[in-house]
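Note: hydrogens, waters and symmetry copies are ignored here, and every other heavy atom, side chains too, is used. To find a chain, count down the sequence lines: A is the first, B the second, and so on, and within it residues start at 1.
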2 protein chains.
Amino acid sequence: MDIEQQVAQAKLVCEKRGARFTALREQVFTLLAKHNSAVGAYDLLSELQVIDSSAKPATIYRALDFLNQQGFVHKIESINAFVMCDHFSECNHPVQLLICDDCGYVEEIQSENLDLAIRSMADASGFKIKHQVVEAHGYCAKCQSDKN
Amino acid sequence: MDIEQQVAQAKLVCEKRGARFTALREQVFTLLAKHNSAVGAYDLLSELQVIDSSAKPATIYRALDFLNQQGFVHKIESINAFVMCDHFSECNHPVQLLICDDCGYVEEIQSENLDLAIRSMADASGFKIKHQVVEAHGYCAKCQSDKN
DNA sequence: TAAAAAATGATATAATTTATCTTCACGGTT
DNA sequence: AACCGTGAAGATAAATTATATCATTTTTTA
Ligand SMILES: [Zn+2]
Ligand SMILES: [Zn+2]
Ligand SMILES: [Zn+2]
Ligand SMILES: [Zn+2]
């Protein structure tokens with residue numbers, strides 16, 4: 001899916017939900033979509049300031065907060081960075097990421113077994129899960145072969 | 001296991017490894033052991049300053065870094081806090097946590113299935129995992145029953 | 001159109017973490 | 001015991017990440 005399609009899809013989803021996909025939010029969405037890896041809020045801010053020189057930290061954090069709430073982007077807690085969601089039309093899915101510590105590439109996976117394994121452990125303790133953070137760090141296939 | 005036993009165990013492990021369980025590190029270890037929940041670095045710093053008024057942020061972060069490297073404590077990435085490991089003698093285990101967003105209680109679980117599920121997904125992508133972050137947020141059994 | 005709600009702008013500040021350089025303490029060696 | 005190298009801790013500063021607050025503008029609703 002190219003960026004224009006992603007934008008169109010996001011607009012559609014927002015319309016359905018009565019959420020406002022404003023120009024600013026679209027700009028941040030697009031900037032993030034141009035990366036295929038994790039990006040820090042301040043890196044994104046620098047990019048945004050090229051378009052909108054008045055942008056401040058709060059500007060980017062507010063936009064990211066909205067995009068995150070809508071499920072369009074995910075925050076990667078272990079590296080304080082953000083990444084586009086692979087499949088944001090399927091709302092509220094558990095977020096499971098493979099993060100390359102060498103090149104920064106992020107792969108979003110979907111393992112029902114993984115989700116079930118967590119939930120079954122939680123059930124056993126009477127714990128009710130609201131949100132999961134699953135972030136595996138290591139090296140992607142490309143970076144491993146590069147080392148040869 | 002009470003705190004003194006934990007300290008004794010940590011000393012033993014360090015001795016085996018040739019790592020230095022210094023007075024400062026023991027103090028921070030003990031402070032953390034007194035909590036059964038997640039604690040922020042600055043909260044811990046405040047507690048340390050009662051004993052050692054010259055303690056600074058770097059003091060606590062260095063101690064935590066050491067304790068983390070030794071596997072005695074875990075950093076909770078999603079809330080910037082630290083927690084004692086349940087079973088630090090079994091070194092290098094994958095860290096899997098249930099975190100109560102109400103009372104801050106942290107339960108460390110050990111699910112082989114969970115670990116396998118992540119690894120099998122990684123294998124399928126040729127991704128080599130070095131470190132996992134698994135943090136499930138929600139409400140513990142106690143906090144759920146308190147709401148009745 | 002008027003009022004209410006939501007988003008953005010502007011400014012400041014808080015919270016978290018790391019860097020750097022110096023000094024000190026410990027272990028092994030001569 | 002004196003010397004030396006390494007790692008730990010002290011001191012200071014700064015970088016990075018994130019939020020609070022209040023004014024202004026835009027959008028929605030009535
Ligand atoms: Zn996703
Ligand atoms: Zn890579
Ligand atoms: Zn553990
Ligand atoms: Zn609780």
Residue whose closest nucleotide on DNA chain D lies nearer the 5' end, Ala23(B) versus Tyr42(B): Ala23(B)
Positions of residues 47-64 of chain B (non-hydrogen atom under 4.0 Å from DNA chain C), listed by number: Pro57(B), Ala58(B), Tyr61(B), Arg62(B)
Side chain to side chain contact (heavy atoms under 4.5 Å, CB included) involving Gln49(A) - partner list, sequence neighbours excluded: Leu45(A), Ala55(A)
Rounded distance (nearest 0.5 Å) linking atom CD1 of Ile109(A) with atom CD1 of Ile118(B): 7.0 Å
Check: His137(B) and Lys130(A) side chains under 4.5 Å, non-hydrogen atoms: no
Pair listing, salt bridge (Lys or Arg N to Asp or Glu O under 4.0 Å) test, anchored in residues 116-125 of chain A, at least two apart: Asp115(A)-Arg119(A)
Hydrophobic cluster membership, Leu12(B) vs Phe29(B), 4.5 Å side-chain cutoff: no
Which residues share a side-chain hydrogen bond (donor to acceptor under 3.5 Å, both in side chains) with His131(A), sequence neighbours left out: none
Those residues that, when tested against Lys56(B), pass side chain to side chain contact (heavy atoms under 4.5 Å, CB included) (two or more places apart): Thr59(B)
Neighbour count >12 (heavy atoms, 6.0 Å) for atom CD, Glu4(A): no
same_hphob_cluster(Ile129(A), Val95(B)) at 4.5 Å side-chain heavy-atom cutoff: no
Atom CG of Asp2(A): over 12 foreign heavy atoms under 6.0 Å: yes
Covered region of DNA chain D, 5' end to 3' end, by chain A [heavy atoms, under 4.0 Å]: dT17(D) to dT27(D)
Parallel, tilted or perpendicular, as decided by the 30° and 60° cut-offs, for the rings of His87(B) and His93(B): tilted
Set of residues satisfying side-chain hydrogen bond (donor to acceptor under 3.5 Å, both in side chains) with respect to Gln27(B), sequence neighbours excluded: none
DNA chain C-proximal residues of residues 73-81 of chain B, any heavy atom under 4.0 Å: Lys75(B), Asn80(B)
Reported CZ-to-CZ distance for the pair Phe66(A) and Arg20(A), which is rounded to 0.5 angstrom: 9.5 Å
Candidate pair Met121(A) and Gln96(B), rule side chain to side chain contact (heavy atoms under 4.5 Å, CB included), full reasoning: CA-CA 10 Å; Met121(A) 290 301 286; Gln96(B) 305 165 344; 5.7 Å; no
Residues which pass side chain to side chain contact (heavy atoms under 4.5 Å, CB included) with Glu26(B), listed by chain and number, not counting sequence neighbours: Val7(B), Lys11(B), Phe21(B), Thr30(B)
Covered region of DNA chain C, 5' end to 3' end, by chain B [heavy atoms, under 4.0 Å]: dT16(C) to dC26(C)
End axis versus end axis in the helix from dT1(C)-dA30(D) to dT30(C)-dA1(D), the angle rounded to 10°, five pairs used at each terminus: 30°
Side-chain donor-acceptor pair present, Glu108(A), His74(A), cut-off under 3.5 Å: yes
Touch class at under 4.0 angstrom, heavy-atom based, for Phe66(B) against every strand present: nothing
Sub-4.0 Å heavy-atom contacts from residues 24-34 of chain A onto DNA chain D, ordered by number: none
Minimum side-chain heavy-atom gap Gln9(B)-Ser89(B) below 4.5 Å: yes
